[in-house]
2 protein chains.
Amino acid sequence: MADINFSVRSAAATKANPEISGARPAETRWDIIELLFFAYRDFVGDPDDVLAEFGFGRAHHRVMHFVHRYPGLKVADLLDVLRITKQSLGRVLKQLLDEGYIVQKAGDADRRQRLLFATPKGEALVAKLAGLQTDRILRALQGLDASGVEAVRKFLLGMIDHDDPDKVLEAILRAGGKTVKE
Amino acid sequence: MADINFSVRSAAATKANPEISGARPAETRWDIIELLFFAYRDFVGDPDDVLAEFGFGRAHHRVMHFVHRYPGLKVADLLDVLRITKQSLGRVLKQLLDEGYIVQKAGDADRRQRLLFATPKGEALVAKLAGLQTDRILRALQGLDASGVEAVRKFLLGMIDHDDPDKVLEAILRAGGKTVKE
DNA sequence: AATATACGTCAACATGGCTGACATAAATTT
DNA sequence: AAATTTATGTCAGCCATGTTGACGTATATT
């Protein structure tokens, strides 16, 4: 049995009073807001379990992901993408370096830079996590035709701030949100 | 100038070797994985700034949102939705109660229950935050036709685990991800 | 030679998760 | 009626991951 005790706000109840001018204020998209919440909760939920087995958390996942995807990423670039301080990054990065998931290499042109690369061990972890997330994504894309998938991509792209993009985001935006092919 | 130092992994480079059987393993959806990361980052980024002015964090936002949307929600239901412990919830809920954003009311049938309701002050905060998020959502939905919007909804719905839903999620799933109307 | 940059690190602190233990009131079962 | 279970609150402490501020070292730039 359902046993629902709470009520649900109706769209009508939260519709703002239209001004006499006739300008209808935009209606709050509770539906998308909540779908995004639950979708993202479950999307990051799968990796969490695997990460826990490695003694890692979401912070490690984010670092591993971007280092894998953009080999040779500088520490400074990583800080921009993750929007965290170097002290925060330092903690998780140090663990990933110590445990052999990532290696550093001094920059060619500028030897102060530490370019980051995933090791085979690191690649394996990323692949495992990305596999779980891809399974979920493919399931969610099932039943959508090509134009539907394109709509999803456009939507997600539109949700992203395009002003002042970091270099990684810039690369993604240039590709139109599509995976870059060679 | 772009000044990109890192490279980008190509889809071809990460394509797994097809087995001799001919079964092609599904390709990792790096594109959607990253779009989701950036989209969600910016989606929750707007409210963060406002919340900081109130001395609140994301945890407070989540609580306020669900209490507003499902008036009379029990504490136990809230714990299920947020997937946190009562101790964690207790901390933020106590602040929201003390500062007059939420009120409690003993359950009619079961007087042990504390049913939660947003006060006008609480409603105002939720409306402000939801407004910011709606602006972003509407911008992202612009340019999509009705079938495109439907595709987005289907996608987000498909990303959510449907087994063992909490009561709030159950209500959403019953409505097919659409905002419930009366 | 002086200054600026890229990075690392130490110390301290805040938020928001967690576990375990225990208390109270009200409902349910025996 | 008594025992037990349930819904909630709370104390104490731990952990992960975010923050600020200060400072050091190597290298690049001026």
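Here is the naming used below: chain letters follow the sequence lines, and residue numbers restart at 1 for every chain. No hydrogens, no waters, no symmetry mates; every other heavy atom, side chains included, goes into these values.
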*Asks:* Should A:D161 and B:R136 count as an ion pair when the cut-off is N to O under 4.0 Å?
*Replies:* yes

*Asks:* Going by heavy atoms in the side chains, are B:F117 and B:I102 under 4.5 Å from each other?
*Replies:*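 SC-SC contact between B:F117 and B:I102 ruled out.
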
*Asks:* So A:W30 and B:H68, would you call those rings parallel, tilted or perpendicular, with 30° and 60° as cut-offs?
*Replies:* tilted

*Asks:* Return the residues of residues 48-55 of chain B meeting this criterion: a heavy atom under 4.0 Å from some atom of DNA chain D. Order them by number, or give none.
*Replies:* none

*Asks:* I need the CG-C1' distance between B:N5 and C:dC7, as an integer number of Å.
*Replies:*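 The answer, rounded to whole Å, is 14 Å.
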
*Asks:* If I take atom CD in residue A:Q95 and atom P in nucleotide D:dC15, what distance separates them, rounded to the nearest angstrom?
*Replies:* 13 Å

*Asks:* Return a single string for nucleotides 18-30 of chain D, one symbol per nucleotide in 5' to 3' order, where B is base contact, S is sugar-phosphate-only contact and - is none, cutoff 4.0 angstrom on heavy atoms.
*Replies:* BBBBB---BBS--

*Asks:* Between A:D42 and A:R139 (salt bridge meaning N to carboxylate O under 4.0 Å), is one present in this structure?
*Replies:* no

*Asks:* For DNA chain C, which residues in residues 98-106 of chain A have a heavy atom at a distance below 4.0 Å?
*Replies:*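 Residues of residues 98-106 of chain A that come under 4.0 Å of DNA chain C are, in numerical order, A:Q104.
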
*Asks:* Give A:G57 one of three labels, base, sugar-phosphate or nothing, depending on what nucleic acid heavy atoms sit under 4.0 Å from its own.
*Replies:*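 Here A:G57 touches the backbone only, sparing every base.
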
*Asks:* My validator wants the stems of DNA chain D: runs of 3 or more consecutive Watson-Crick or G-U pairs, both distances under 3.5 Å, written as range with range.
*Replies:* C:1-30 with D:1-30

*Asks:* Looking at A:E170 and A:K167, does any basic side-chain N land under 4.0 Å from a carboxylate oxygen?
*Replies:* no

*Asks:* Apply ring-ring contact (aromatic ring centres under 6.0 Å, His included) to A:H61 and list each qualifying residue two or more places apart in sequence or on a separate chain.
*Replies:* none

*Asks:* Run the salt-bridge test on A:D48 and B:R83 with the 4.0 Å N-O cut-off and return the result as yes or no.
*Replies:*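 No, A:D48 and B:R83 are not salt-bridged.
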
*Asks:* Can you list, by residue number, the residues of residues 70-80 of chain A that have a non-hydrogen atom closer than 4.0 angstrom to DNA chain C?
*Replies:* A:K74, A:V75, A:A76

